[in-house]
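Data first, discussion second: the structure below is written as structure tokens.
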Amino acid sequence: MSGEVKDPTKNIPRAIFISVVGVLILYILIQTVSLGVLGASLATYKENPLSFVANQVFGPVGFTIITIGAAISMLGNLSSEILSIPRVLFRASKDKVIPISSLSKVHHKFSTPYIAIIAYSISGFLLATFGGFQQMAIISSASILLVYLGVTLAVIKQRRKS
């Protein structure tokens, strides 16, 4: 997706750094507030500790806000995956990492990797239909870890090469 970014060699690393630092600060603040409200009993709330903290501080309105925030966060994550994973499949096929050459086809009118998008959609549909939520969560986490591993190994190889 960085092919659509102006000056990606400058802007992509900066965006990654700002994102990681921003999320890190946000998580530290959330953890600090949660520990301040619940103290040592925070560890006993396994299911939904942040909603319990919000309920303690703001009442039912806080619980609702956290629930809506979680839904928006999940929507953002899913939107990101829907846009990026087919492009990962496309590029992996184009670079011959995946031996399915049809995944690297680009639509003549829209210039999108339409076969990769269709393959991603069908696999998501099949997993959602025949698998359970827990299986999908495990597969999703494992697959994104494989992508991260591939990126890390590619960076190491590129740095040794240059």
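Please read all numbers here as calculations on a predicted model, not as lab measurements. FYI, the numbering just counts along the sequence from 1.
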- First locate atom CD1 of Ile139, then atom CG of Leu127, and finally report the distance between them rounded to the nearest 0.5 Å. 4.5 Å

- Message: How long is the straight-line distance from OG of Ser84 back to CD1 of Ile144, given to the nearest 0.5 Å?
- Response: 6.5 Å

Determine whether [X] and [Y] fall in the same hydrophobic cluster, where Ile, Leu, Val, Met, Phe, Trp and Tyr are linked whenever their side-chain heavy atoms lie under 4.5 Å apart.
X	Y	value
Ile65	Leu75	no
Val20	Ile12	yes
Ile115	Ile122	yes
Tyr45	Leu50	no
Ile100	Ile117	no

Search all heavy atoms of [X] against all heavy atoms of [Y] and return the closest pair with its distance.
X	Y	value
Ser51	Ile66	OG-CG2, 3.3 Å
Thr44	Ser41	OG1-O, 2.5 Å
Gly62	Ala54	O-CB, 3.4 Å
Thr32	Ile28	OG1-O, 2.7 Å
Leu42	Pro49	CD1-CB, 3.9 Å

- Message: Consider side-chain contact (heavy atoms from CB on, under 4.5 Å). Of Ile68, Val61, Thr67, which one does Thr64 pass it with?
- Response: Ile68

- Message: Give me each pair satisfying side-chain hydrogen bond (donor to acceptor under 3.5 Å, both in side chains) with a member in residues 90-111, each pair once, sequence neighbours excluded.
- Response: Arg91-Asp95

- Item | Any donor-acceptor pair under 3.5 Å from Ser73 side chain to Gly69 backbone | no

So do [Y] and [X] actually touch side chain to side chain, heavy atoms under 4.5 Å?
X	Y	answer
Asn11	Arg14	yes
Phe52	Gln56	yes
Ser34	Ile30	yes
Val106	Phe90	yes
Tyr120	Ile85	yes
Asn55	Pro60	yes

- Criterion side-chain contact (heavy atoms from CB on, under 4.5 Å) on Leu149 and Leu153, from CA distance to verdict: CA-CA 6 Å; Leu149 176 65; Leu153 293 175; 3.9 Å; yes

